Amino acid sequence: MSVIAMILFAIFFIARGWLGIWRPAWSTRYKAWKLKQGDTSPDPEYILMIRRIGWLYLIVGCGILAYGVMVVCLNTG
């Protein structure tokens, strides 16, 4: 995988994680709940699960981004 693709992939993960944490209603899990259950809103535990998954995406994205930046720095030095 090229470094540029890796960094773009990391930015996607960070954005998805950020949206899961701060805007759970924008996540695909929340939308799937709305389609499956109708107009009822998810219980707080389900929202908490969406936020935890968002933190996981954010952490993984930051790790991939750090690795990509490290590869760029090592190859240009």
Side-chain angles (χ1 to χ4, degrees):
M1 179 186 307
S2 72
V3 178
I4 295 171
M6 185 185 311
I7 291 174
L8 290 175
F9 190 67
I11 291 171
F12 168 76
F13 262 60
I14 291 170
R16 185 173 171 124
W18 183 83
L19 287 174
I21 295 167
W22 298 108
R23 302 278 187 233
W26 292 359
S27 73
T28 54
R29 289 184 182 273
Y30 189 90
K31 290 177 184 175
W33 172 280
K34 286 287 198 181
L35 286 174
K36 186 177 177 184
Q37 303 294 334
D39 273 343
T40 62
S41 62
D43 56 349
E45 290 181 16
Y46 194 76
I47 299 290
L48 184 62
M49 182 195 67
I50 292 172
R51 287 193 170 137
R52 286 181 180 161
I53 292 172
W55 277 108
L56 179 65
Y57 273 110
L58 190 66
I59 291 168
V60 169
C62 288
I64 294 171
L65 183 65
Y67 181 72
V69 169
M70 185 180 69
V71 167
V72 168
C73 290
L74 289 176
N75 287 337
T76 59

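Just so it is clear, the model here is predicted, and its values are computed rather than measured.
- The minimum heavy-atom distance linking Trp18 with Leu58 is given by the pair N-CD1, 4.4 Å.
- Between Cys62 and Ile14, the closest heavy-atom pair is N-CG1, 3.9 Å.
- Interatomic distance, Ile53 CD1 to Leu48 CG, rounded to the nearest 0.5 Å: 10.0 Å.
- In this structure, the side chains of Val60 and Tyr57 stay at 4.5 Å or more apart for every pair of heavy atoms.
- Note: the hydrophobic cluster containing Ile59 does not contain Ile11 (ILVMFWY, side chain heavy atoms under 4.5 Å, direct or indirect links).
- When each of Val71, Leu65, Ile64 is paired with Tyr67, the side-chain contact (heavy atoms from CB on, under 4.5 Å) condition holds for Val71 and for no other.
- For the pair Leu56/Arg52, no side-chain contact is recorded, criterion being any heavy-atom separation below 4.5 Å from C-beta on.
- Tyr46 and Trp22 fall within a single hydrophobic cluster, where Ile, Leu, Val, Met, Phe, Trp and Tyr are joined by side-chain heavy atoms under 4.5 Å apart, directly or via other members.
- Cluster partners of Leu8, using a side-chain heavy-atom cutoff of under 4.5 Å among ILVMFWY residues and allowing indirect links, are Ile4.
- The CE atom of Met70 sits 10.0 Å away from atom CG of Asn75, with the distance rounded to the nearest 0.5 Å.
- Minimum interatomic distance between Ile50 and Pro24 (heavy atoms only, all atoms of both residues): CG2-CB, 3.9 Å.
- Closest approach of Gly61 to Ala10, counting heavy atoms only: O-CB, 3.4 Å.
- Connection of Trp33 to Leu35 is not established within any shared hydrophobic cluster, with ILVMFWY side chains joined at heavy-atom distances below 4.5 Å, either directly or through further cluster members.
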